Amino acid sequence: MRTSNFLLSTLKETPADAEIISHQLMLRAGMIRKVAAGVYNWLPVGLRVLRKVENIVREEMNKSGAQEVLMPAVQPAELWQESGRWEMYGGELLRLQDRHGRDFCFGPTHEEVITSLISNEIRSYKQLPANFYQIQTKFRDERRPRFGVMRAREFIMKDAYSFHLDQEGLQATYDVMYETYTNIFTRLGLGFRAVEADTGSIGGNTSHEFHVLADSGEDAIAVCDKYEYAANVELAEAVTIGGDRPNPTKTLSKVDTPDQTTIAQVSEFLTAEVKTTVKTLLVHGVEDGLVALVLRGDHELNELKAEKHPLIASPLVWASDEEIKEAVGCMPGSIGTVELGLTVIADRSAANIADYICGANTDGVHYTGVNWGRDCPEPEIFDLRKVVEGDICARADNESDESKLSITRGIEVGHIFQLGTKYSEAMNATCLDNNGKAVVMPMGCYGVGVSRIVASAIEQNHDDRGIIWPDSMAPFQLVITPIGYKKSERVKSVCDEIYNTLTKAGIEVLLDDRNERPGIMFADADLIGIPHRIVIGEKSLAKEQIEYKNRRSDTSEDVPQNDIIEFLMERVVKS
RNA sequence: CGGGGUGUAGCGCAGUCUGGUAGCGCAUCUGGUUUGGGACCAGAGGGUCGGGGGUUCGAAUCCCUCCACCCCGACCA
């Protein structure tokens with residue numbers, strides 16, 4: 001490709017509304033342009049990268065034995081009513097009506113469509129297992145789209161759905177997909193990690209997320225290398241801290257704490273360590289009435305864990321100030337475990353401390369020296385809190401520095417689930433087993449955020465000059481920067497010859513034949529992140545040398561003109 | 001959904017408080033001088049000042065209203 005025939009819409013200045021580096025660079029490099037909140041145009045440079053990712057995903061999926069299909073983006077409401085998600089899915093589902101007033105939605109995911117399709121196509125266990133995928137535009141009406149294509153409303157996703165005779169078959173395909181995803185992200189040249197994950201609204205049980213590791217990631221991941229444990233913080237198990245609960249040593253006493261309502265205020269006012277306080281949070285129960293959740297003052301509630309408790313309403317609903325006043329007689333900030341009169345569920349660590357401080361259920365008053373079993377009933381114990389850096393790994397058999405969790409951040413680019421029979425049951429997807437008996441097929445589902453991968457790769461690979469693509473994703477492998485293309489016949493003919501030879505050899509070459517100053521051409525090539533560059537000018541040709549530079553390296557090297565083709569063929573990865 | 005903020009040329013911004021013919025830098029186009037890391041000179045084009053309504057002799061500026069976009073939050077006990 002020649003730049004004279006290619007839309008290189010680079011920007012010198014950073015658009016004001018782009019917050020994170022990948023969004024800024026995608027705009028500056030002329031990869032994307034915004035059409036509406038969370039909706040983007042892909043320009044030629046961007047689309048070339050997107051297609052690279054798509055192709056790698058497609059190749060690896062095909063290798064795994066999955067079959068490509070294409071389902072409609074617009075789906076009839078009936079299918080969603082059948083699965084029960086028309087009501088459940090909420091605001092993220094973009095609902096539409098056709099001219100007859102019939103309800104449709106723009107598909108945010110395709111479990112309904114595929115299950116309905118396959119239930120008609122697959123009749124016999126002999127056709128199983130089967131795995132179908134597509135690469136397609138999805139729409140999820142995010143309440144807050146942001147970060148460019150990282151969290152867009154319209155985006156490209158690879159989604160796959162597998163069907164099985166039994167759980168064993170599902171597990172086997174799940175393992176194959178785990179392997180396939182590992183291959184995909186390895187081929188893309190990304191630093192990533194597979195982590196145990198919550199299954200969220202899609203449903204099902206076993207699940208792993210694949211995260212590209214980056215500080216700007218929206219997810220926190222707890223990792224312990226020693227025990228090979230990695231889990232999304234949403235899910236990561238928090239173990240009890242500090243052995244058996246100590247015996248009480250203090251007596252229960254009431255202290256006035258006027259206007260002290262937060263943990264920080266109370267602990268400072270009473271000159272006590274934060275971890276000797278507990279906070280009592282009131283939420284709605286499954287039945288009418290409130291349930292009290294007790295955490296150590298320095299810990300935070302993990303709402304997803306709380307929602308899994310059978311007595312707690314899901315989704316979690318916080319008690320309002322009025323409800324708290326009515327049930328307890330005080331405002332939030334002075335609630336405690338003594339004579340509370342509500343069901344109490346305590347986090348493992350909160351249940352394991354003695355002589356703690358909590359509210360006295362009267363505004364401006366707290367208790368000190370509170371002990372479970374003596375001053376209030378023993379609580380029900382449940383894992384309620386978010387893990388924090390330095391917690392002991394749930395898989396560890398002893399407490400040591402090696403068994404401590406570290407927390408890193410990641411961008412979720414892949415997610416694999418074992419769905420079980422949630423959808424096949426609802427939509428009656430059965431096949432006959434070898435006894436001629438109808439069996440509801442267990443399902444798996446496997447997603448890759450194709451457009452998000454593009455952004456996450458930039459988060460991981462950039463410098464102050466721009467993007468540094470891994471070879472596998474680069475819009476072009478090589479850029480030829482001539483010095484004096486329009487002035488020097490010799491420069492022009494050498495450039496054209498190398499360009500033609502390499503292009504014929506299947507390498508994607510960008511020849512910068514604009515009549516620009518070298519500084520502009522260098523800046524553009526660096527900004528759009530082409531991994532390999534050669535510079536051809538009269539000066540070096542006089543020495544029969546051609547300058548080569550890798551985008552990642554600070555220095556260039558001179559290559560004899562006669563060896564340049566061989567040199568480049570060796571270094572530049574063919575697409 | 002709650003809170004905050006911003007809408008002026010393709011991009012980045014000033015002008016709004018205190019009403020009086022719409023500006024700057026970058027980009028674009030023309031001519032010239034340049035040409036190894038975002039050049040210089042001269043000239044040119046480009047704006048319903050987010051939309052609608054109102055006040056006024058006169059509105060980018062004041063008032064009302066709608067819209068779009070961005071940020072923060074959704075942990076308060």
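Note that the structure is a prediction, hence the values are computed from the model and not measured. Within every chain, numbering begins at 1; the chains are lettered A, B, ... in the order of the sequence lines, protein sequences first and strands thereafter.
Distance, A:K34 NZ to B:C11 P: 10 Å, rounded to whole Å. Distance CD (A:Q24) to P (B:G12): 12 Å, rounded to an integer number of Å. Whole-Å rounding puts the A:H284 NE2 to B:C76 C1' distance at 14 Å. The CG atom of A:D17 sits 17 Å away from the C1' atom of B:G4 (whole-angstrom rounding). For the pair A:E13 CD and B:U28 P, the interatomic distance rounds to 13 Å; values are reported in whole Å. One can place CD of A:E142 at 16 Å from C1' of B:G73, the figure rounded to the nearest angstrom. Look at CG on A:N515: it is 11 Å from C1' on B:U34, rounded to the nearest Å. Whole-Å rounding puts the A:L11 CG to B:C13 P distance at 13 Å.
A donor and an acceptor atom, one from each side chain of A:D524 and A:T10, are located under 3.5 Å apart. Side-chain contact, A:R552 with A:N461: a donor N or O sits under 3.5 Å from an acceptor N or O. Checked by atom type, the side-chain pair A:Y40/A:S451 shows no donor-acceptor distance below 3.5 Å.
Taking only side-chain nitrogens and oxygens, A:R143 never comes nearer than 4.0 Å to OP1 or OP2 of B:C1.
Distances were taken from every side-chain heavy atom of A:W318 (C-beta onward) to each of B:C26, B:C71, B:C76; the shortest belongs to B:C76. Distances from the side chain of A:A37 to the nucleotides B:U35, B:C70, B:G38 place B:C70 closest. Comparing B:U34, B:G38, B:C71 against the side chain of A:D524 picks out B:G38 as the nearest. Checking B:U35, B:G12, B:C69 against every side-chain atom of A:A16, the shortest atom distance belongs to B:G12. Relative to the side chain of A:T10, the nucleotides B:G38, B:U35, B:C70 differ in distance, and B:G38 lies closest. When distances are taken from the side chain of A:K279 to each of B:U34, B:A77, B:C69, the shortest belongs to B:A77.
In this entry B:C76 has no Watson-Crick or G-U wobble partner, no candidate having both defining distances under 3.5 Å. With a cut-off of 3.5 Å on both pairing distances, B:A60 has no Watson-Crick or G-U wobble partner at all. Remark: B:G45 base-pairs with no nucleotide in the shown strands. Criterion, Watson-Crick or G-U wobble with two distances under 3.5 Å. In this structure, B:C24 and B:G12 make a Watson-Crick or G-U wobble pair, each of the two defining distances being under 3.5 angstrom. Partner assigned to B:U55 is none, using Watson-Crick or G-U wobble distances below 3.5 angstrom. In this structure, B:A68 forms a base pair with B:U6, meeting either the Watson-Crick or the G-U wobble geometry with both donor-acceptor distances under 3.5 Å.
Side chain of A:S488 to backbone of A:Y485: no donor-acceptor contact under 3.5 angstrom is found. Side-chain atoms of A:N361 come within 3.5 Å of backbone atoms of A:G336 as a donor-acceptor pair (strictly under, hydrogens ignored).
If you find the closest nucleotide of RNA chain B to A:E516 and to A:T280, the one lying nearer the 5' end belongs to A:E516. Judged by closest nucleotide on RNA chain B, A:P15 is the one of A:P15 and A:T262 placed further toward the 5' end.
Looking at heavy-atom distances under 4.0 Å, A:K386 makes contact with a base. Contacts of A:S540 with the nucleic acid, taken as non-hydrogen atoms under 4.0 Å apart, include base atoms. Using a 4.0 Å heavy-atom distance criterion, A:S9 is classed as making no nucleic acid contact. Nucleic acid contact for A:R28: base, since at least one base atom lies under 4.0 Å from a heavy atom of the residue. A:D526 comes within 4.0 angstrom of a base, heavy atoms only. Within the nucleic acid shown, A:L27 has no heavy atom closer than 4.0 Å to any nucleic acid atom. At the heavy-atom level, A:E547 lies under 4.0 Å from base atoms of the strands shown. A:R533 comes within 4.0 angstrom of a nucleotide base, judged by non-hydrogen atoms across all strands.
The distance from atom CD1 of A:I221 to atom CG of A:L405, rounded to the nearest 0.5 Å, is 12.5 Å.
To the nearest whole angstrom, the two C1' atoms, one in B:U6 and one in B:A14, are 15 Å apart. Atom C1' of B:U28 sits at a distance of 16 Å from the matching atom of B:G12, rounded to the whole Å. Comparing B:A60 with B:G20, their C1' atoms are spaced 13 Å from each other, to the whole Å. Nucleotides B:U18 and B:A59, compared at atom C1', are 14 Å apart to the nearest Å. Rounded to a whole angstrom, the distance from the P atom of B:G10 to that of B:C49 is 13 Å. Between B:A77 and B:C67, the two C1' atoms lie 39 Å apart (nearest whole Å). Rounded to a whole angstrom, the distance from the P atom of B:G25 to that of B:C69 is 32 Å. For the P atom pair drawn from B:G46 and B:A9, the interatomic distance equals 15 Å after rounding to whole Å.
Ionic pairing of A:E459 and A:R409 is not present here: no N-O contact between side-chain nitrogen and carboxylate oxygen is shorter than 4.0 angstrom.
A:R2 forms a cation-pi arrangement with A:Y499, by the criterion of a distance under 6.0 Å to the ring centre and an angle within 45° of the ring axis.
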